[in-house]
2 protein chains.
Amino acid sequence: MRTDTTFKRAFNDMIDIIRTLDLGEELPSENALRAQLGVSRTTVRKVLAGMSARGIIISEAHRRIIGEQPQQIERYPKEETLAISEQVETSFMEWMLRGDACPGTEINEAELARKFGVATTIVREFLNRFQKYGLIEKRQNAGWVFKGFTASFALELFEIREMFEMRSARLFATLPDGSPVWKQIQSMRAAHLELLADIDARFQDFSELDSRFHRLITAVAPNRFIESFQDVIAMVFHYHYQWNKRDERARNEVAIGEHLALIEALESRNIALIDRACRLHLTSARETLLHSIA
Amino acid sequence: MRTDTTFKRAFNDMIDIIRTLDLGEELPSENALRAQLGVSRTTVRKVLAGMSARGIIISEAHRRIIGEQPQQIERYPKEETLAISEQVETSFMEWMLRGDACPGTEINEAELARKFGVATTIVREFLNRFQKYGLIEKRQNAGWVFKGFTASFALELFEIREMFEMRSARLFATLPDGSPVWKQIQSMRAAHLELLADIDARFQDFSELDSRFHRLITAVAPNRFIESFQDVIAMVFHYHYQWNKRDERARNEVAIGEHLALIEALESRNIALIDRACRLHLTSARETLLHSIA
DNA sequence: CCCCCGTTTTTTATACATAAGAAACATATG
DNA sequence: CATATGTTTCTTATGTATAAAAAACGGGGG
């Protein structure tokens, strides 16, 4: 009763691989494809079988070659490539952020399962994992309570975020010249500039860049608890801002500017500058979030 | 297929309530008992029924009275009062800390379920919740990896702990005289002195006191992420030291001394003193943990 | 009208079942 | 012998089932 989303995703990815090959060309080995697609060989074989059945691939003894017209292969739709657990995540976030839930709402596993059209087991598993974000709390033998996407949530979040990020940013001042981080910072700057140049069209790409940027800073001295906390931040920005698009473009443009300033400060290796740039950005991010909650 | 551990625990607790009543005395209402026992009325009624069946209680029209010899009621054994999920926690910790698992070990849900004699669902749920402790990591479609109870785990843990605890301790310096916290600190000191006086017999009670002490300090400015992190610390101390009893008495005695010093520093409201006492304690705790891991 | 108890309905905790996917094993081919 | 494919076995993801526990409902007595 497991869904075949892994297969469908691999199938779609395989189409892209095939596109790079010529008609009549021999395919890479199952093992090579396994590595490229990031799935098991079992799944690779299933994909290959599916493609053979469609005539996209022709299987001969001990080799497979590209068949006719691989141009118009039909892809599986995006929804069918998402595991049920991922769909539940989206459904839940929507339910939460659409405002169906106000602080203190009791969350009912059975009801959610019905609403989302999935088994209770999955909802339960999701809630257990979601617990770490600090937005819900379990009560013994009796469901969960939604604590609300409130101002105090944002404030508590940023209190921690500031501690963690200042700690990492300061470490930059002590980094040797030869550290590979400086290269990464350089390309991070380039990515920011690129996005900024095309901000009108691509302002929605910022959320992902933001997450990568902050993860890079934090990664100078790896700490699993800090990394895990980044997930919380990423979740907040990813989902919350999906439902709060007010001033999105302007907001992201400002943030890019702050990131660039921070990058410059980091490269200066001057603790005072770093501190100021970092705090400035965090304060502004906090205010933006608070503003969008109210 | 749910176990009736809630009932059994309530039954045992009910025995204690009955002990406080006299023969022939009327019992509190179902609702009152519900509140006292912390379970639903459904469970209360089941307990009452069980006691009636045993002749401990005599049910008359609209009232229930204590029957004969409530002295030798047989309690349900402790194990039967623990939910399966709690048993799994213990089993897993034992498996982990007994050394069956070295860093990098792959964790197999199905195998653990067999080993512990429970359904895979439960193991899976446990692992999902346990993830937040930073000791295991999930791989897509393929079980978990045990990252090991290693020195770097301890170091990362204490890096965060130091940030959090210094932050809270410092806040004490700004607390007004009238704050109720000072009373709690006082009784915390008393509890420590009491334990210290009887350290030879009660040194095992320290772990719980330790957790309460640190939670009290942290609670001056509540932050859900910090509170959740305390769970990690509590887990480490509770379980790890259950399997590493070396120097337990001495270790706890030292820690009590450090706690008392910190209490004094907090009461002095002198930031420098607080900082030093706090750091001293954390450093010592870290060294102790590192030492016991190696 | 409010609390108490009996009854019914709903939800949770846990077990079990099974298709999809991963891994291990076996065989063949160059 | 190494690498690729064919086959078998084991594990995970997800649905369903059900007893225990919680919650909701309802009548009766103070």
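Lettering of chains follows the sequences in order, A, B, ..., and the numbering in each one begins at 1.
- Partners of A:E80 under the salt bridge (charged side-chain N to carboxylate O under 4.0 Å, His left out) rule, at least two apart in sequence or in another chain, are A:K8.
- Comparing D:dT14, C:dA22, C:dA15 by their nearest atom to the side chain of A:S40 picks out C:dA22.
- For a distance-only test at 3.5 Å, the side chain of A:R2 qualifies as a donor-acceptor partner of the base of C:dA20.
- Contact check for A:R75 versus A:N12: side-chain heavy atoms found under the 4.5 Å cut-off.
- The distance from atom CZ of A:R139 to atom P of C:dA13 is 11 Å, rounded to the nearest whole Å.
- Looking only at distances, no side-chain donor or acceptor of A:D210 sits under 3.5 Å from a matching main-chain atom of A:F206.
- Between the OH atom of B:Y76 and the C1' atom of D:dA20 there is a distance of 14 Å, given to the nearest Å.
- As rounded to whole Å, 16 Å separates atom C1' of C:dA13 from atom CZ of B:R124.
- At whole-Å resolution of the value, CZ in A:R34 and P in C:dA23 are 8 Å apart.
- B:T6 comes within 4.0 angstrom of the backbone, heavy atoms only, and of no base.
- Rounded to an integer number of Å, the gap from B:E125 CD to D:dT14 P is 16 Å.
- Near DNA chain D, meaning a heavy atom under 4.0 Å from it, residues 80-93 of chain A has A:A83, A:I84, A:S85 in order of number.
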Could you write nucleotides 4-10 of chain C as a row of B, S and -, 5' to 3', where a protein heavy atom under 4.0 Å of any base atom gives B, of only sugar-phosphate atoms gives S, and otherwise -?
SBBB---
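- Side-chain atoms of B:T120 and base atoms of D:dT12 include no donor and acceptor less than 3.5 Å apart.
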